[in-house]
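To start, the structure itself, in structure tokens.
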Amino acid sequence: MPHDPDPPPAKKFKPGSVFFRSDYNKPGMLLPRKGNATTPIDIQRKQLPIYQAKPQLLNQLRQLHNAILIGETGSGKTTQIPQYLYESGIGRQGIIAITQPRRVAAISLAGRVAEEKRTQLGKLVGYTVRFEDVTSWETKLKFVTDGMLLREAIGDPLLLRYTVVILDEAHERTVHTDVLFGVVKTAQRRRRELNKIPLKVIVMSATMDVDLFSEYFNKSPVLYLEGRQHPIQIYYTKQPQSDYLQAALVSVFQIHQEAPPSHDILVFMTGQEEIEALARTCRDIAKHLPDGCGPMVVIPLYASLPPAQQLRVFQPAPKGSRKVILSTNIAETSVTISGIKYVIDTGMVKAKRFNPDSGLEVLAVQQVSKAQAWQRAGRAGREDSGSCYRLYTEQEFDNFIPMTVPEIQRCNLAGVMLQLMALGIPDVMNFDFMSKPSPEAIRSAVEHLELLGAVEKKEGQVLLTALGKKMASFPLEPRYARTILLSTDFSCSEEILSIVSLLSVNSVLYSPPARREEVLAARKKFTSSEGDHMTLLNIYRAFKKVSGNKDWCRENFINSRNMVLVKEVQAQLKEICLKLNLKLESCGANTGNIRRCLAHGMFAKPAYVVFNELLQTSHCYMRDLCLVDADWLLDAAPEYFGRKLHPVKR
DNA sequence: GAGCACTGC
């Protein structure tokens with residue numbers, strides 16, 4: 001069956017990685033249709049594919065309590081459906097919420113819809129994300145991150161302010177979306193039982209595999225919307241590739257030698273190190289290309305890159321040059337780059353898993369799912385038709401798992417379980433998850449919460465303690481929340497608030513490997529013999545002393561963006577502490593108190609150090625260590641350490 | 001002496 005009707009752009013560079021063609025036959029595709037920036041906004045709205053379906057769509061949505069909506073990128077579903085509902089009076093008694101997994105999406109979508117409604121953002125149309133609430137009493141269409149709506153549900157489990165909740169990007173299956181599924185389903189049922197205004201739930205997905213959604217929401221009907229995705233030609237390798245990096249390199253230069261220079265290439269890879277290595281190799285080879293082959297601009301893209309360098313992916317390459325972007329899966333959803341004509345998919349991704357027995361997190365390279373491979377391919381067809389070169393055979397693709405395992409089945413559930421309890425869910429052990437986590441993962445999470453004193457078991461029931469209730473009010477991992485709550489006992493709440501803020505954002509340290517010596521020299525100034533936490537605290541204090549000066553950050557290899565985030569988190573945590581009447585005080589030079597407090601909050605592993613993270617990559621790592629005394633640990637959790645340190649012989 | 005995908009409250 002496989003044949004080779006249309007060989008790849010070139011095979012001059014190195015034979016052996018020839019692709020053959022397969023038809024891109026995902027449903028719901030339209031031929032290219034160009035948008036027009038000068039078209040008035042209400043005409044633009046009517047040109048969207050969804051506009052044709054508006055009457056039937058509203059008819060259906062008016063009657064249904066639940067609906068699943070499949071719409072591809074460009075269908076206009078996210079911006080139009082909330083407006084259609086509002087304009088036709090559906091859900092007028094309350095607010096229509098549209099959830100998004102990402103902050104930027106919530107913010108920009110709200111901006112777009114406000115513009116279409118010709119109103120000021122924050123009036124009829126608004127958004128709520130962490131640290132930012134642009135809504136008012138007038139707001140009827142509210143874009144919100146799923147995590148934010150979940151937090152809101154702790155104060156109002158029936159979501160009574162809302163008449164419609166639209167869960168967008170549901171196919172991504174973030175932990176927050178998954179928990180929300182259960183929360184809205186419960187709220188719907190309870191509101192019916194209590195004779196309150198009904199809650200309409202619309203689940204929106206960009207992929208076809210929605211049986212689970214439909215099944216979960218009482219076999220609710222599935223509605224289809226045409227998108228504006230352009231055709232994408234898929235190519236597979238004829239033979240399995242033993243070295244996907246080598247295969248990627250060959251493919252980049254094959255395309256480079258044949259395709260017009262204005263056609264940019266996006267390569268999906270797994271991480272910073274291999275991206276930087278391949279970038280160097282590409283640049284070296286590009287210097288020695290035959291005549292007639294244009295120059296190449298190679299741009300790495302991954303999340304830990306400083307913002308200024310991330311922005312380079314949006315700059316067009318100089319005329320006659322080709323842009324080649326080497327990216328992690330950040331370009332799958334979070335960063336959208338225009339002008340991509342070719343996608344090269346290595347078929348690999350780095351993903352985190354959690355082992356509930358050992359408490360060990362594993363970050364490892366693995367194969368992508370089919371859904372993820374389609375998502376990657378789709379990045380080539382955003383403005384025009386494109387091509388996707390898969391560095392694996394069609395048989396290999398057939399053996400990929402259909403969908404990425406939902407995050408809720410891969411992560412530490414301690415925070416999720418605590419949140420469910422705070423929501424007043426009666427039987428958390430048997431919560432109605434759409435995709436159930438393993439019983440071990442649930443049990444391990446509840447045990448962890450028990451050790452932290454957040455829950456207690458009574459007559460087979462798991463109950464939230466007063467401490468647990470306070471812990472749930474912090475937007476933090478439970479152990480961090482507990483550490484803060486304990487800090488008043490050690491008179492060091494000021495310091496602990498700073499340290500927990502530092503630990504709860506991505507690293508504030510920026511360490512370009514090429515400048516290793518300089519980095520070490522700069523860091524030395526802040527290093528504390530008492531451990532990483534104290535070092536971080538030193539850095540934070542120095543940062544505040546210079547009022548967050550950006551030059552200072554650059555000179556000291558500090559990531560200023562993350563540092564600003566630390567400040568915002570710290571302010572938020574402080575506010576919560578004040579609401580809980582927690583005394584804020586500093587321990588001054590008595591740093592032993594800080595470490596003692598850390599030991600009490602984060603004791604969950606071997607004695608003598610407490611750590612921030614236990615992670616397995618090529619080796620097993622403990623990150624962010626802090627020296628503690630063994631008897632502090634025994635003092636913190638006598639039962640736990642009595643068992644772990646002196647195992648009973650049988 | 002080597003290292004860490006991506007979000008979010």
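We use all heavy atoms of the structure for the numbers below, so side chains are in, but hydrogens, waters and symmetry mates are not. Chain A is the first sequence line, chain B the second, and so forth, proteins listed ahead of strands; every chain is numbered from 1.
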Discussion item. For A:Val104 and A:Lys350, find the nucleotide of DNA chain B closest to each by heavy atoms; which residue's nucleotide sits nearer the 5' end?
Written reply: A:Lys350

Response to the item:
By nearest-heavy-atom nucleotide on DNA chain B, the more 5' of A:Pro475 and A:Gln272 is A:Gln272

Nucleotide of [options] approaching [X] most closely (side-chain heavy atoms):
{"X": "A:Thr328", "options": "B:dA5, B:dC9, B:dG1", "result": "B:dA5"}
{"X": "A:Leu363", "options": "B:dG8, B:dC4, B:dC6", "result": "B:dC4"}
{"X": "A:Arg103", "options": "B:dG8, B:dA2, B:dT7", "result": "B:dG8"}

May I ask you to check if [X] and [Y] form a cation-pi contact, with NZ or CZ under 6.0 angstrom from the six-membered ring centre and within 45° of the axis?
{"X": "A:Lys142", "Y": "A:Tyr127", "value": "no"}
{"X": "A:Arg390", "Y": "A:Phe397", "value": "yes"}
{"X": "A:Arg379", "Y": "A:Trp374", "value": "no"}

Can you tell me the distance, in whole Å, between the [atom1] atom of [X] and the [atom2] atom of [N]?
{"X": "A:Arg523", "N": "B:dG3", "atom1": "CZ", "atom2": "C1'", "value": "13 Å"}
{"X": "A:Gln572", "N": "B:dC9", "atom1": "CD", "atom2": "C1'", "value": "7 Å"}
{"X": "A:Met269", "N": "B:dC4", "atom1": "CE", "atom2": "P", "value": "16 Å"}
{"X": "A:Tyr480", "N": "B:dC9", "atom1": "OH", "atom2": "C1'", "value": "14 Å"}
{"X": "A:Leu180", "N": "B:dC9", "atom1": "CG", "atom2": "P", "value": "12 Å"}
{"X": "A:Ile275", "N": "B:dG3", "atom1": "CD1", "atom2": "P", "value": "16 Å"}
{"X": "A:Arg353", "N": "B:dC6", "atom1": "CZ", "atom2": "P", "value": "17 Å"}
{"X": "A:Gln570", "N": "B:dC9", "atom1": "CD", "atom2": "P", "value": "18 Å"}

Worksheet item: Side chains of A:Thr270 and A:Glu274: is there a donor and an acceptor less than 3.5 Å apart?
Response: yes

Which part of the nucleic acid does [X] contact within heavy-atom distance under 4.0 Å: base, sugar-phosphate only, or nothing?
{"X": "A:Tyr302", "value": "sugar-phosphate"}
{"X": "A:Arg130", "value": "base"}
{"X": "A:Val129", "value": "sugar-phosphate"}

Item to complete: Using side-chain hydrogen bond (donor to acceptor under 3.5 Å, both in side chains) as the criterion, point out the one residue from A:Thr78, A:Asp168, A:Thr177 that pairs with A:Gln100.
Response: A:Asp168

Discussion item. Please give me every residue in residues 142-160 of chain A whose heavy atoms get under 4.0 Å of an atom in DNA chain B, ordered by residue number.
Written reply: A:Thr145, A:Gly147, A:Met148, A:Arg151

Please tabulate, for side-chain N and O atoms in residues 404-412 of chain A, each donor-acceptor pair with protein atoms closer than 3.5 Å (sequence neighbours left out).
from     : atom 1 : to       : atom 2 : distance (Å)
A:Thr404 : OG1    : A:Ser369 : OG     : 2.8
A:Glu407 : OE1    : A:Val175 : N      : 3.1
A:Gln409 : NE2    : A:Lys436 : O      : 2.8
A:Arg410 : NE     : A:Val405 : O      : 3.0
A:Arg410 : NH1    : A:Lys352 : O      : 3.2
A:Asn412 : OD1    : A:Ala414 : N      : 3.0

Discussion item. Parallel, tilted or perpendicular: which one describes the rings of A:Tyr540 and A:Phe543, with boundaries at 30° and 60°?
Written reply: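 Plane angle under 30°, so parallel.
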
